[in-house]
Number of protein chains: 2
Amino acid sequence: MRGHQVTIKDIAKILHISPSTVSRALKDHPDINPQTKKNVQDLAKKLKYKPNQVALNLLQKESKLIGVIVPEIIHYFFSTIISGIEKIANESGYHIIIAQSNESYHKEVENIQALLSSNIDGFIITMAKTTLNFDHFKNVAEIGVPMVFVDRTCDKVTADKVLVDDFDGAYKATKHLIENGCKNIIHLAGPQNLDIGIQRKEGFLAALNDSNISIGDYSIQICDTHDHALKLIPEVLSRHNNIDGIFAVNDLTAIGAMKAVKSINKKVPDDIAVCGFTNSFISYIADPELTTVDQKGFEMGQHAARMLLKRIQSDENYGPVTTILNTDLIIRKSSLKKK
Amino acid sequence: MRGHQVTIKDIAKILHISPSTVSRALKDHPDINPQTKKNVQDLAKKLKYKPNQVALNLLQKESKLIGVIVPEIIHYFFSTIISGIEKIANESGYHIIIAQSNESYHKEVENIQALLSSNIDGFIITMAKTTLNFDHFKNVAEIGVPMVFVDRTCDKVTADKVLVDDFDGAYKATKHLIENGCKNIIHLAGPQNLDIGIQRKEGFLAALNDSNISIGDYSIQICDTHDHALKLIPEVLSRHNNIDGIFAVNDLTAIGAMKAVKSINKKVPDDIAVCGFTNSFISYIADPELTTVDQKGFEMGQHAARMLLKRIQSDENYGPVTTILNTDLIIRKSSLKKK
DNA sequence: ACTCTTTTCGCAAACGTTTGAAATAACCTC
DNA sequence: GAGGTTATTTCAAACGTTTGCGAAAAGAGT
């Protein structure tokens with residue numbers, strides 16, 4: 001199997017000196033004779049000595065490993081977050097271990113436990129949709145492992161957070177639909193146990209309110225997947241055929257909605273304007289191209305990583321920090337009605 | 001900072017027994033007094049004792065960590081591979097460390113080095129497009145760390161490989177285009193230093209050949225990105241306006257080509273049929289929906305993980321294994337001309 | 001020649017866990 | 001009650017590295 005990696009002990013034995021001397025020689029410790037130093041360093045280079053990280057981890061109680069838990073990496077938004085994290089982490093010599101919860105609470109708990117025992121230096125987490133109990137997070141906090149929540153956060157846990165201004169993004173998107181002639185907009189909302197679900201809904205409602213548009217009991221539909229939208233929209237439209245705008249909690253749902261609209265021979269955007277949230281890759285591919293709110297995944301990932309590293313490297317115990325990023329409204333064809 | 005995780009020593013101290021007794025009690029060793037066992041196990045549960053993986057790694061020279069190096073996780077295909085790997089790895093108590101090469105040779109080398117010193121148990125790698133020198137892989141092989149290549153492979157390195165039958169996939173796709181009335185198909189090919197680029201091109205050529213369709217000097221265009229296709233296709237079509245089919249080396253390029261075709265007011269599929277390769281998510285979202293070859297990323301990831309685990313856990317030194325998966329042609333609207 | 005300082009190095013402990021071997025204590029047998 | 005067996009526990013080493021402290025040797029100063 002695996003060939004023996006060269007260790008400090010090997011070098012010590014060859015040179016007939018002690019491991020401690022080798023260790024010091026390798027780090028240019030002033031106590032070591034220059035000649036010994038040279039011998040050690042030359043031999044180390046020749047033998048391609050690489051320090052054993054695991055031994056260092058055990059000793060120094062840091063693994064230079066960041067645990068990242070996301071629902072699913074196949075989603076563009078999450079993979080952009082991960083890319084942002086990886087970039088910053090790598091710059092500081094850290095690596096990331098990725099675990100997916102698949103939106104399952106139990107998998108999330110499992111992942112946390114498993115990564116904890118790997119002596120992870122910190123966590124960056126986007127909660128699963130199904131997570132309603134937060135004991136596993138509280139446990140992490142108690143043990144004292146730093147933790148940053150990204151995008152989906154919750155008040156019940158004390159931790160750093162980075163999120164986008166969902167309320168404002170939703171507000172801007174809804175305002176935009178109104179300004180483009182929509183008089184009866186519905187919102188396909190996310191689960192109301194997640195802040196982002198709540199905030200985007202509230203932003204939507206606020207925009208309607210500010211424009212004095214009345215809200216029907218059908219104006220909010222809990223629906224946040226492509227397939228659900230595909231089924232739901234025809235039903236809703238058959239009951240309320242004066243709907244002329246849809247604001248979806250994410251791009252995939254928006255695209256599902258667009259497909260559904262087209263399937264019943266209505267036109268996007270002229271009959272029904274559609275706007276999504278995330279600005280994922282598919283919004284650019286969709287037909288018509290999807291107006292959406294840029295959620296800045298890469299930036300969020302970068303911020304989260306910076307915040308985590310700061311906390312890992314700090315000795316003080318400063319209070320939790322929340323970073324809120326601005327969103328940008330990306331206007332494309334799916335929302336621009338002919339006037 | 002970080003609170004003290006409960007260790008075996010802690011339990012030993014509390015119970016006034018030795019760490020070794022605690023260790024054995026926790027694993028139900030027959031030598032231990034049932035009462036002692038119960039005391040230990042109860043206390044361990046109460047204190048939420050979790051074995052320290054790092055200490056185990058050091059002792060047993062395995063980290064239960066698999067290094068995964070891919071070009072970019074934001075690409076659907078790579079993230080499905082990763083998901084497949086993660087699933088199998090998790091089932092065996094392994095976790096995955098992900099590093100992105102961003103298609104850069106240097107980043108790839110860096111990643112390999114960094115992960116090696118973290119005592120990775122093995123690698124699963126999809127090479128960067130720009131990798132032409134393979135010394136870093138050979139180095140891994142010499143040290144004796146198991147390694148599996150996925151999708152993009154190279155003959156120069158002795159290692160396990162899992163790939164799809166690119167030749168056959170391309171052949172089937174091209175045949176399908178021909179059967180649907182295409183008489184002048186071009187191929188948007190990948191880089192010819194990668195096996196997949198070569199194989200898909202060869203499959204394309206073989207299908208044309210078997211149907212006695214002549215090949216022009218413009219029939220193969222090196223072009224494997226969305227944006228390149230967007231620029232290239234209008235040029236090519238203006239010079240050869242009898243082209244009636246496009247087979248692209250990947251979905252994104254196919255979609256770029258479709259957009260380009262539509263931009264010059266030709267119709268997909270009636271004027272020009274289009275077929276991609278990968279069956280990524282966007283192929284389903286595209287308009288018209290894209291005919292493509294299913295590259296089975298998830299299955300490839302699973303296979304790769306199984307092959308790696310087998311090699312990690314095996315003592316024998318069996319020769320390199322190559323697994324070739326079949327592709328499926330997924331027929332959608334972009335290739336079905338009205339007859 | 002004696003102490004004092006400086007230079008250079010090694011010892012030992014530590015991180016958390018496992019495990020072969022040794023130790024202790026209790027019990028049994030003849 | 002000597003010898004033997006069994007049950008239970010502890011010791012010590014090991015994994016690779018770092019680091020405070022002590023030690024040895026050499027040189028300097030008087």
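Heavy-atom basis, side chains included; hydrogens, waters and symmetry copies ignored. Throughout, protein chains are lettered first and strands after them, A, B, ... in sequence-line order, and every chain is numbered starting at 1. Remember, it's a predicted structure, so these values are computed and weren't measured experimentally.
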Is any side-chain N or O of [X] closer than 4.0 Å to OP1 or OP2 of [N]?
X	N	result
B/Lys27	C/dT17	no
A/Ser23	D/dT18	yes
B/Asn52	C/dT17	no

(request) Report yes or no: do A/Gln295 and A/Asp151 form a side-chain donor-acceptor pair below 3.5 Å? (result) yes
Round to a whole Å and report the spacing from [atom1] of [X] to [atom2] of [N].
X	N	atom1	atom2	answer
B/Asp31	C/dT18	CG	P	15 Å
A/Leu58	D/dT19	CG	P	14 Å
A/Asp28	C/dC9	CG	P	13 Å
A/Ile11	D/dG16	CD1	P	12 Å
B/Asn33	C/dA25	CG	C1'	13 Å
A/His29	C/dC9	NE2	C1'	11 Å
A/Tyr49	D/dT17	OH	P	4 Å
A/Leu26	D/dT19	CG	C1'	15 Å

(request) Return the 5'-most residue of the pair B/Gln60, B/Lys37 with respect to DNA chain D, ranking by each residue's nearest nucleotide. (result) B/Lys37
(message) Can you identify which nucleotide, out of D/dC15, D/dT8, C/dT18, has its nearest atom closest to the B/Leu56 side chain?
(response) C/dT18
(request) Choose from D/dT18, C/dT8, D/dT9 the nucleotide whose nearest atom is closest to any side-chain atom of A/Pro34. (result) C/dT8
Identify all pairs in which a protein N or O lies below 3.5 Å from an N or O of nucleotides 10-14 of chain D, and state each distance.
residue, atom, partner, partner atom, Å
D/dT10, OP2, B/Ser18, N, 3.0
D/dT10, OP2, B/Ser18, OG, 3.3
D/dT10, OP2, B/Thr21, OG1, 2.7
D/dT10, O4, B/Arg24, NH2, 2.6
D/dC11, N4, B/Ser20, OG, 3.1

(request) For residues A/Val162 and A/Met307, determine if any side-chain heavy atom of one lies less than 4.5 Å from a side-chain heavy atom of the other. (result) yes
(message) Minimum heavy-atom separation for A/Lys107 and A/Asn102, please, with both atom names.
(response) NZ-ND2, 4.0 Å
(request) Specify the closest pair of heavy atoms between A/Phe77 and A/Gly297, including all atoms of both residues, with the distance to one decimal. (result) CE1-CA, 3.6 Å
(message) Using a 6.0 Å cut-off, check whether atom NZ of B/Lys138 has over 12 heavy atoms from anything other than its own residue.
(response) yes
(message) Under the side chain to side chain donor-acceptor pair (under 3.5 Å) test against A/Thr131, which residue among A/Glu108, A/His106, A/Arg152, A/His136 passes?
(response) A/Glu108
(message) Keeping A/Asn90 on the side-chain end and A/Tyr94 on the backbone end, is there a donor-acceptor pair under 3.5 Å?
(response) yes
